[in-house]
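In this text the structure is predicted, and so the values were computed from the model without any measurement. Naming convention: chains lettered A, B, ... in sequence-line order (proteins, then strands); numbering from 1 in each chain. In what follows, every heavy atom counts, from backbone to side chain, and hydrogens, waters and symmetry copies are set aside.
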Amino acid sequence: AMRNRSEVDATLQTAKLNAAELLPVVHCLSFGPQAGAGECCLLQLEPGLCAELEAGRSLVIRGEKDEHAVLCSKDKTYDMKIADTSNMLLFVPGCKTPEQLNADQASCNIIHSQIAGFSNHYWELRRCRPKLKKLRKLLMEDPYEGPDSQKDQTFSKYTTEDLLSLIQASEEEILHQLQVLSACKIEGYWRILEFDYEMKLLNHVTQLVDSESWSLSKVPLRSCLEELGSLEPTEMIEHILLSYGRKYVDDGEVYFEMHEDKTCRAIAQMLLQNAVKFNLSEFQEVWQQSVPEGMTTRLDQLKGLALMDKSSRPETISLLKVEDLPENNQERFNSLFSIREKWTEVDITPYIQDLCAEKQTVGALLTKYARSSMQNGVRVYNSRRPIS
Amino acid sequence: GSLLGDLHYTREGVPVLIVGHHILYGKVVQLEKPFAVLVKRGAGEAGPEGLPACYTVTALIKTKLLFKTRPKPIITNVPKKV
């Protein structure tokens, strides 16, 4: 039998509480039939996520058995962790606050409320960097070498849906990274171009620009497809133009403004991957000669791609790609310190920039993972722990 | 279901919970980070062949009543010892 008003008043009297000091409405709380079933869990919502849910959008939890679960909205990724509440939380749907009771002029003065469930822990979210290293790893299983490739058919190919279920990142972060990787969809699958093939395509375009004496900032799409369509699939020609140029329309025709930095950087990679180390000044000479006429090479185009050694005589340069380094912060720093014992901030920044969390600076990372000292009047950073 | 207790509010809006022989005074807290209450859909089918496990958000909790002070015992009339 449900509690009635006289029972409530009797309890108030026993408790020596003055009904006149209380609002007239009481909630009589009891446990609902499913309360103990333990079927619900609590998820603490970071700013913005509540609005996402209220707008009718969904969130996705992603991760394979050997990975820590992450939660993704349409454009952000969050680490998930179980946390304890300091007190037990009881969920009471429809329980009113004093403001709601004062606003509601209902005549009844008992609300029988059911406790629908309870919990003493919840999932806590912390915004994190999307875990995108795996994306490159998957796409590198079978890089596209062109239509004439003699390679055996592998089935290491991934559609957008495949990637969404395998990569611990939001859809927007994944699509953005695919763009950064210059990946393209071939027959419905996302493919990364094999580097030599990518350079072959780029070379076709730059040779054509040179022989036609076009301006590098006004490369016509139509002519490229006409002239090069017999050498390579037209989708690939268009793809290389989109990857290395900025598309625009002028007078109804599509043109591309070739990206100087990206082009020079790719050509540098092509040169550097042929040997372990190069004489820096010799490299700079060959590099400038190798880029299209009208483009200027600059060492800062090589950030995160190559490392210079200014302390050796002669000065040298070698390939070091940030995307080949570990994704985990501590492992990244261990790796960098095993490559070079002491780093200046300028040299190490391109190799740790991507580790920065939402509002974190490179300086904060260095404070946490490195020890600094002065060497010849310059601040250098080395490992906090011995590196084997 | 079994009774937990009576929840009152003072005229100043302070929640007062009477549970068994205890009175607890609390406060209304607006959650800075709301909670989503998730209920698993299709329980027991979470296998590789079945549909992927799905949670439904059945509620968003934006307010809580926090009772963290020591419960005050209610002393009922105890008959004097003979």
Is it the side chain or the backbone of A:L49 that comes within 4.5 Å of chain B heavy atoms, both, or neither?
neither
Run the salt-bridge test on A:E67 and A:K134 with the 4.0 Å N-O cut-off and return the result as yes or no.
yes
For B:V57, is it the side chain, the backbone, both or neither that has a heavy atom under 4.5 Å from a heavy atom of chain A?
side chain
Region of A:L17 that comes under 4.5 Å of a non-hydrogen atom in chain B
side chain
A:L89 portion near chain B, given a 4.5 angstrom heavy-atom threshold:
side chain
Residue selection (most heavy-atom pairs with chain A, distance under 4.5 Å) from B:V37, B:V19, B:L38
B:L38
Given the options B:L31, B:I23, B:L4, which has more heavy-atom pairs under 4.5 Å with chain A than any of the others?
B:L4
Check whether more than 12 heavy atoms from other residues, nucleotides or ligands sit under 6.0 Å from atom NE2 of A:H112, and answer yes or no.
yes
Under a 4.0 Å N-O cut-off, is there an ion pair linking B:K62 with A:E54?
yes
Spatial distance of atom CH2 (A:W190) from atom CG (A:L139) [nearest 0.5 Å]:
9.5 Å
With a 4.5 Å heavy-atom cut-off, do A:V60 and A:L164 have their side chains touching?
no
So for A:A20, is it side chain, backbone, both, or neither that comes closer than 4.5 Å to the heavy atoms of chain B?
backbone
Taking everything shown except A:Q13 itself, do over 12 heavy atoms lie less than 6.0 Å from its CD?
no
A:S6 and A:D9: side-chain donor and acceptor closer than 3.5 Å?
no
Do A:D354 and A:E327 come close enough that some side-chain heavy atom pair is under 4.5 Å?
no
Could you look at A:I115 and say if it's the side chain, the backbone, both or neither that has a heavy atom under 4.5 Å from chain B?
side chain
Name the region of A:L53, side chain, backbone, both or neither, that has any atom closer than 4.5 Å to a heavy atom of chain B.
side chain
At a 4.5 Å cut-off on heavy atoms, which part of A:E21 comes close to chain B: side chain, backbone, both, or neither?
backbone
Would you mind telling me which of B:T10, B:T63, B:V39, B:V28 has the largest number of heavy-atom pairs within less than 4.5 Å of chain A?
B:T10
Turns out that what part of A:F31 lies under 4.5 Å from chain B's heavy atoms comes down to both
Chain A: which of B:A59, B:G13, B:P34 shares the most heavy-atom pairs with it under 4.5 Å?
B:P34
